Amino acid sequence: MSKKWAALVISCLALCAFKIATQQLFEVPPNWPKPIYDFKKNPLTKQKVELGRELFYDPILSKNNLISCASCHSPYTAFTHVDHDLSHGIDDRIGTRNSPALMNLAWHNLFMWDGAINHLDMQALAPISHPDEMGDKIESVVLKLQHSKKYVHLFLKAYGDTVITGEHTLKAISQFMLTLVSANSKYDSVMRKQTHFTEQENKGYQLFKQHCSSCHTEPLFTHTGFENNGLPIDMTLNDLGRMRITKNPLDSFKFKVPTLRNIEFSFPYMHDGRFKKISEVLKHYTTGLVHGKNLAKQLRQPIVLSSNDKVDLTAFLLTLTDKTFLFNPKHTFPKN
Amino acid sequence: MLFVLIAHDLLFSQDNKLGVHTNYNQQTLYPEVYYKLNTTDSLQITSLKFYISNLELINGTKTVWEDKVKYHLIDAFDKKTLLLQIPPNISFTKIKFQLGIDSLTNVSGAMGGDLDPTKGMFWTWQSGYINFKLEGNSNLCKTRHNEFQFHLGGYQKPFNCLQTVFIPMKSSSNIILHIDVAKFIEQLSLSQVNHIMSPSREAVDLAEKITKIFSVSYE
């Protein structure tokens with residue numbers, strides 16, 4: 001009998017230890033919706049997340065072994081590419097869009113500015129294969145990994161198998177990306193009643209709820225859908241956005257609504273990085289909108305903001321900066 | 001006694017198989033061969049790959065067997081992919097399969113085996129499996145290297161490319177499933193239609209044509 005009890009206690013402890021270990025890797029912040037990513041199909045483990053992190057920072061994923069995911073998704077700038085309106089890849093080739101910031105990806109079902117990618121696991125295939133990004137093929141990447149002692153060892157640790165597959169490579173990258181959760185900004189502390197907004201931030205929050213939150217919906221600060229936000233068309237790019245994928249004219253010039261979390265660090269803004277400053281973005285929404293046929297219905301009524309309002313709104317947007325996310329040592333280049 | 005033994009052998013033979021033969025005009029398809037289209041034009045096939053999924057054996061109207069291996073990537077130039085296992089001692093009058101990958105699987109993330117993205121059957125620029133891939137070249141195609149490329153896929157309405165194929169059977173054993181590329185090419189004007197590489201109306205139309213180029217024989 002005592003043996004049975006001991007076994008029960010040990011298994012309970014093991015279960016608790018497992019729970020704690022998983023919680024450290026990924027946690028749903030309080031009052032957040034249920035994640036969309038199906039963790040049952042790819043349960044997070046420390047070894048797999050670490051493997052994904054190694055892959056994320058390793059230029060081995062590119063054809064010339066010079067460009068890594070982090071080249072365009074740097075941790076200190078909310079995993080986007082600062083200083084470039086359009087991101088560039090191998091041989092200094094310039095793409096057509098600004099690399100999106102990466103965070104809270106477990107809550108998204110479509111990826112890229114046009115939603116071309118239908119699952120986080122499949123996301124990495126796009127930059128790996130794009131001739132202006134990493135210019136390689138998953139087949140040859142897997143072959144390179146297979147010839148690397150380091151990766152054979154890391155895959156063995158993570159999957160108990162020295163055979164490296166595309167599936168395991170992609171799922172490991174997903175694991176790391178899933179851990180990039182930003183939910184610890186001043187805004188979050190205020191929501192958890194641990195601190196207060198200043199008067200100015202609070203005024204800004206009220207303006208935000210009035211004018212912005214129908215698309216940049218809390219707590220993700222995006223409704224994760226696609227909208228035409230009235231940007232004048234850049235004739236040098238003629239980017240049709242979502243329509244490229246759906247071939248539906250109703251989707252022309254629609255782009256995925258980006259999160260505003262860590263907006264202080266994720267400049268430049270818009271799918272083509274045309275705005276460097278938050279003030280330029282606010283100017284666009286107040287006086288720069290092009291009223292095309294499928295302008296987002298949320299933007300059809302003019303947004304009127306005084307210069308004081310803009311200062312207040314900006315003060316609120318800066319409360320979305322999450323330094324524990326931006327400078328989390330678990331997110332940075334792996335040091336062995 | 002001998003009769004019983006033979007009957008026993010026939011009934012319990014363990015190797016009932018479904019062979020897949022990839023042909024051009026009823027001849028086995030080879031990558032290095034030029035096939036004549038007429039007196040002046042010819043073509044070469046460099047790649048033929050497609051998915052056979054959710055294979056079922058049907059007797060009358062009743063499904064009598066479903067393949068537990070849901071997805072088979074058939075590669076004309078990789079012999080080991082050209083043999084599917086079906087159970088012995090089972091009577092059926094039809095086989096049913098899907099040409100391609102169902103929509104749920106298309107949105108379910110990274111998978112292994114024949115569905116692994118390293119197999120070159122998953123689009124990278126826009127998520128989704130290529131259900132049927134045919135590549136080659138012909139003097140009829142005024143394209144780079146005279147190439148033609150048909151990557152037929154797409155799982156979203158209105159361009160869902162997945163096709164269901166039914167083939168009636170005369171016998172339940174040692175079946176050979178033929179796919180004859182010539183019958184597909186004959187339905188096209190190759191000089192005009194030679195690059196279909198994204199989900200579209202054209203891709204769906206061509207996928208429907210593919211369903212008609214399957215036939216069976218018995219060994």
Side-chain angles (χ1 to χ4, degrees), chain A residues 36-42 52 95-96 106 109-112 114-146 159 161 163-175 178 242 244-248, chain B residues 47 49 51 69-71 73 75 77-78 81 100-131 133 135 144 149 151-162 195-205:
Chain A
I36 287 167
Y37 192 87
D38 186 353
F39 286 86
K40 278 191 218 108
K41 284 190 184 152
N42 189 16
T96 59
N109 65 341
L110 294 171
F111 301 86
M112 299 293 226
D114 55 15
I117 307 300
N118 68 19
H119 195 286
L120 185 61
D121 294 352
M122 298 329 219
Q123 170 59 41
L125 286 173
I128 287 172
S129 317
H130 197 290
D132 295 334
E133 296 182 46
M134 297 161 111
D136 212 329
K137 279 182 169 176
I138 185 73
E139 298 89 302
S140 47
V141 167
V142 167
L143 214 62
K144 280 193 270 180
L145 297 175
Q146 193 74 71
Y159 290 101
D161 195 342
V163 178
I164 297 173
T165 64
E167 180 194 13
H168 286 169
T169 305
L170 294 172
K171 280 187 165 169
I173 299 172
S174 282
Q175 293 229 348
L178 288 163
R242 182 73 180 143
R244 187 181 80 114
I245 303 306
T246 62
K247 298 194 167 74
N248 182 348
Chain B
S47 177
K49 294 181 184 181
Y51 282 106
V69 183
K70 294 270 180 212
Y71 311 98
L73 178 59
D75 180 343
F77 306 134
D78 182 359
T81 69
I101 303 297
D102 58 88
S103 57
L104 181 64
T105 306
N106 265 286
V107 298
S108 297
M111 275 168 280
D114 280 358
L115 294 175
D116 195 295
T118 53
K119 300 283 180 187
M121 295 295 277
F122 195 86
W123 273 309
T124 58
W125 60 279
Q126 173 179 10
S127 297
Y129 281 95
I130 298 168
N131 293 338
K133 185 189 256 192
E135 293 174 346
R144 188 169 167 266
Q149 287 174 304
H151 295 181
L152 310 181
Y155 62 92
Q156 279 176 308
K157 284 178 193 167
F159 306 129
N160 186 347
C161 208
L162 185 71
H195 274 88
I196 304 287
M197 310 202 354
S198 61
S200 59
R201 184 74 255 157
E202 294 80 14
V204 176
D205 291 346

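Since we're looking at a predicted model, the values are computed, not measured. Chain identifiers are assigned alphabetically (A, B, ...) following the order of the sequence lines, protein sequences preceding nucleic acid strands; residue numbering begins at 1 within each chain. Because only heavy atoms are used, hydrogens play no part in the values below, and waters and symmetry mates are left out as well, while side chains stay in.
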Open item on the list: Whether the side chain of K171(A) engages the backbone of G109(B) through a donor-acceptor N/O pair (distance < 3.5 Å, no angle test) should be reported.
Closed with: no
Open item on the list: For N106(B), is there any backbone N or O sitting under 3.5 Å from a side-chain donor or acceptor partner on N118(A)?
Closed with: yes
Heavy-atom closest pair, residues [X] and [Y]:
X       : Y       : result
T124(B) : I117(A) : O-CD1, 3.6 Å
K247(A) : S198(B) : NZ-OG, 3.6 Å
E167(A) : D116(B) : N-OD2, 2.9 Å

TODO: For residues M122(A) and F122(B), determine if any side-chain heavy atom of one lies less than 4.5 Å from a side-chain heavy atom of the other.
DONE: yes
Task: Validation row: H119(A), S127(B) side chains within 4.5 angstrom (heavy atoms) - done: no
TODO: Go through the steps for M112(A) and W125(B) under the test side-chain contact (heavy atoms from CB on, under 4.5 Å), then give the verdict.
DONE: CA-CA 10 Å; M112(A) 299 293 226; W125(B) 60 279; over 6 Å; no
TODO: Drop me the distance from Q126(B)'s CD to T246(A)'s OG1, to the nearest 0.5 angstrom.
DONE: 9.0 Å
Task: Reported OG1-to-NZ distance for the pair T165(A) and K119(B), which is rounded to 0.5 angstrom - done: 10.5 Å
- [ ] Select one option (side chain, backbone, both, neither) describing which atoms of L170(A) are under 4.5 Å from chain B's heavy atoms.
- [x] side chain
